[in-house]
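Working notes, structure below.
Chain naming here is simple, since letters A, B, ... match the order of the sequence lines and numbering starts at 1 in each. All values below were derived from every heavy atom in this structure, side-chain atoms included, with hydrogens, water molecules and symmetry-related copies excluded.
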Number of protein chains: 4
Amino acid sequence: MNIRTDLAMEAHDAHGEQSLPGVKMETIGDDRDITICRVTVSEEEGARLLGKPLGTYVTLEVSAMRERDPALEERVSRCIAQEGRNLLGDMKKDMTVLVIGLGNWDITPDSLGPRVVGGLLVTRHLLETVPEEVDERLCALCALAPGVLGVTGIETAEVIRGVVQRVKPDLLIAVDALAARDTARLGITVQLCDAGISPGSGVGNHRMTLSRETLGIPVLSVGVPMVVYAGTIARDVMSRLGGVEETAIEETVNGVLRGSALEMMVTPKEIDQLVEDSARVVANGINLMVHQDLTLAEVERYLH
Amino acid sequence: MNIRTDLAMEAHDAHGEQSLPGVKMETIGDDRDITICRVTVSEEEGARLLGKPLGTYVTLEVSAMRERDPALEERVSRCIAQEGRNLLGDMKKDMTVLVIGLGNWDITPDSLGPRVVGGLLVTRHLLETVPEEVDERLCALCALAPGVLGVTGIETAEVIRGVVQRVKPDLLIAVDALAARDTARLGITVQLCDAGISPGSGVGNHRMTLSRETLGIPVLSVGVPMVVYAGTIARDVMSRLGGVEETAIEETVNGVLRGSALEMMVTPKEIDQLVEDSARVVANGINLMVHQDLTLAEVERYLH
Amino acid sequence: MNIRTDLAMEAHDAHGEQSLPGVKMETIGDDRDITICRVTVSEEEGARLLGKPLGTYVTLEVSAMRERDPALEERVSRCIAQEGRNLLGDMKKDMTVLVIGLGNWDITPDSLGPRVVGGLLVTRHLLETVPEEVDERLCALCALAPGVLGVTGIETAEVIRGVVQRVKPDLLIAVDALAARDTARLGITVQLCDAGISPGSGVGNHRMTLSRETLGIPVLSVGVPMVVYAGTIARDVMSRLGGVEETAIEETVNGVLRGSALEMMVTPKEIDQLVEDSARVVANGINLMVHQDLTLAEVERYLH
Amino acid sequence: MNIRTDLAMEAHDAHGEQSLPGVKMETIGDDRDITICRVTVSEEEGARLLGKPLGTYVTLEVSAMRERDPALEERVSRCIAQEGRNLLGDMKKDMTVLVIGLGNWDITPDSLGPRVVGGLLVTRHLLETVPEEVDERLCALCALAPGVLGVTGIETAEVIRGVVQRVKPDLLIAVDALAARDTARLGITVQLCDAGISPGSGVGNHRMTLSRETLGIPVLSVGVPMVVYAGTIARDVMSRLGGVEETAIEETVNGVLRGSALEMMVTPKEIDQLVEDSARVVANGINLMVHQDLTLAEVERYLH
């Protein structure tokens, strides 16, 4: 089935009861507001069938997220921090962490990454120039929003490699807006994974994958689904009917959504608010993950 | 069929070959880049079947609009001006014209109306205070973006009536973003009509319809489709299959698009650019319609 | 002296020790973070010398406002609510309150009013259509951002009068960005007054003043200084020198700030953030003033 | 005198009739709408007195720029292209050009650089992947907006060096918003120079200067003044008085503009429009400079 989703959990669900070799999914955690699900992909054959590289994918679903309750948002940020540290193993205080905000500032649903960069408590420059004035609980955090290939003319991975070579971080965190299959997940789901990233692709350009293998440092991805593609909805509706052939589905979908319309984005009306809120929660999740001994109140005081 | 569209042309097409009493559609004009189509609705029964009030609906389709060619944009603006004057009959130089920009500034695809207001050559205040300094070819133009009910707590029609009572215009022009059925029409179609407007509704709240009948002055609507609803695409795909019952369609669509997802907006990635471009073309169309003896170059010089 | 300020407190200070007939200034309140100052103008001669109409002007100065501490922001909002109610006398639960957000969306430092409108808990439409579903502690609140004369071609006061005639509110609250004399006050000062408003003027166009006298209902103004005019800074610096004649000051200032530069705005770099923060605090101040029995947490829950 | 300006022409004028060793200024060009001025700094002593590094600084002043006449804008873009090529000497077609948009997206008057990046006809990625589909008159252009130190925690020069190492351009063009002394120059002046750049500094951190010496490739800077600092206006006014001592000026200025107010920005009301317009003109200037054989109409067709 030609269902596009960046969420490993949805890709897994799309295979129904079918078991995939080396793929496991389990629901973990006992918070009544936050459902945590973990998909592990440990064999190449399962990875191929799932359409996701080897690695561990953790999803937080927070159905009440759109209510914008500050207390819940803080718990989600703490949960992102905790799950990120679980995926990464031990984080040390003298690490330098580089956060990459992927995506395009000018396209609202694609602007999550650059917005998260704007909400981080960056400290690396202070630790380099005035270390004695910096709270000793702070870790060296720096960040970059490298733009997208169509705007810069440079492969995003090339920009990142160039900066990694100079900054020499101990950990890379990449933030990006995702596409989901189910509209109900937009803006209320956070996926963390350790499988590496291929900025702006999916085309399996292996040279351009940024991962522990290619960079020599751990790479953590954090994403929030912001769009469903129009083509996904169209195919999804038809596949529910039962008894319709794959080719008939494709023909009908292509008849209704001519040309670039398959790529059109389905978003809720309040997408601007949704991106802003998601960016704040993810930025604070990373702030708490990296600056481990700070509370959110302390992070916010330092930010302003 | 539960297909939502604000374009009379699409509503007409949705009935296929079926003839509707008192409804006529014809393609007019001979410009190779701009296809002009006119739907006239002259009987209540046809209006009910079509889901559109009595009146004349003129649609300009400009397939090359997204190329952003200034020369083509100027021709589209002149065409809007001409078709608007045709619908209104004679426009006189000493008229006062009030333009209402409907919609919500904060939701990009709904912000066409407020943006058009920002691109108008408003002159009423100058003609009232320093008439001797004003080019005598200019007509008295004023404009308002009244906001939407959810933000203001006031029926938009109430705001408009209040302002009409004080400004006493001879003509009301309302600009609004529309919903289409076909994604291919987004941002490349302009609809003009003389049937009056019901801001923020469709629910037939007759008290709140603003029309020649209720206001005593002609009302011209100008709109550009900016979204297709997700539910429309889903239903549209299924209805193409043939042989699927209405109730089965609704059940399947509601299964995939739970809750508010039916109302989700399908937009192209470049929606910000599309709204900006459409607003400029429509604003200049109105500028040329109202200030009849000016060229676009003169309009732009006065604007800055 | 040709020092421009919208703050009665600064206008008073500009006269130094000199006593003005019927003008009194006193510092009130005992909150260590919020300094409250009240200027009362009770005689026409004092009003003329001060350059401010008869009325009471209350200023809250919050030097720590830029630290963006949520707890302090809540106290400032509650203080705005309390001082507003003090100025207005008794507020009843069955009142309809209309808030007018003055200023221009497109000019950041002038966008306070329209932004405040976006942060209000508007309820009037719900109380009119589904009263049984509305928390009975909520008052009928509605709001409008009418734009500015240069964009609409309509005197803002005309728009407001038109809407007042239809909505028939019991109280009008007008929000606007102000100009200060002292840059240190930008974004940290809130002025409330009961003297009425003259949108977009100062030129004493009495027909266009909106006040208890002209509208028959109380009018409360709430403003936050967002700019200092370049001319103010230039004159202020020179007048500190001592011994420089008024005419020499004007000549020199006009030599440096040719043409429209006198009107140029002096703003801090973080003006976007400052306007956003001020709008949130003022909007919540009005929310708490109008919906008297709600806590801020309840207001925020209803807003989303 | 403590007058801050990024324009070599203004720094030169501030020394009045005084001759500076190795500094020459001449007015060139015969276009009645565009005044072209060239300052050459060839001796270290002159550079120190002027406060500008060795190099050639070319300024275009276009007093009618704010009228937004498309024909004039095109002439200014062509003039930028021509003067850039003059400064750089021969430009070859097989060059790779990297444009750096300096500054902060979130602070309007500082956003010129990032906005220019958005208006460039970038081609490098197309020439690398589908060279046979690319108009052979196009040069390899790529671009990056690296952000500012306070947001990224990485010295901007470090980011640029990292990207230069990977992209290996033959020419670097850096675009930045400038500070002027005279408000009349805001938005109507373009400065080009070959002296290299020190992003975010002025503090003479030589390691961080990007120039032909440190990078081994030519570096062209293009800037437009967008702000005057409040402190500049205050000092400027006082220094015109004559007979006032330097220390008295500083004391008075610091009395009026306490703390961070010296750094406050003086901008015209229409700063958003001004930045947008300047970015378009500069971006097209660079497009024409790099893609030498294209007309502006061709550039715009390819952009969309």
Nearest 0.5 angstrom please: Glu270(A) CD to Met265(B) CE, how far?
8.0 Å

Option in Val253(B), Asp182(B), Asp106(B) with maximal non-hydrogen atom pairs under 4.5 Å from chain A
Asp182(B)

Contact class of Asn104(B) relative to chain A, heavy atoms under 4.5 angstrom
neither

Residue among Ala261(B), Pro268(B), Ala230(B) with most heavy-atom pairs under 4.5 Å to chain A
Pro268(B)

Chain B contact via Val244(A) - which portion, at a heavy-atom distance below 4.5 Å
side chain

To the nearest 0.5 Å, tell me how far Gln273(B) CD sits from Ile107(A) CD1.
10.0 Å

Which bit of Asp272(A) comes within less than 4.5 Å of chain B, counting heavy atoms only: side chain, backbone, both or neither?
side chain

Interchain contact, Val228(B) with chain A, by part (heavy-atom threshold 4.5 Å):
neither

Quick one: CD1 on Ile271(A) to OG1 on Thr108(B), what's the gap to the nearest 0.5 Å?
9.5 Å

Surrounding CD of Glu26(B) (heavy atoms of other residues, nucleotides or ligands, distance under 6.0 Å), is the total greater than 12?
yes

Ile249(B) versus chain A, the contacting section by heavy-atom distance below 4.5 Å
neither

Heavy-atom closest pair, residues Thr252(B) and Arg240(A)
CG2-CB, 3.5 Å

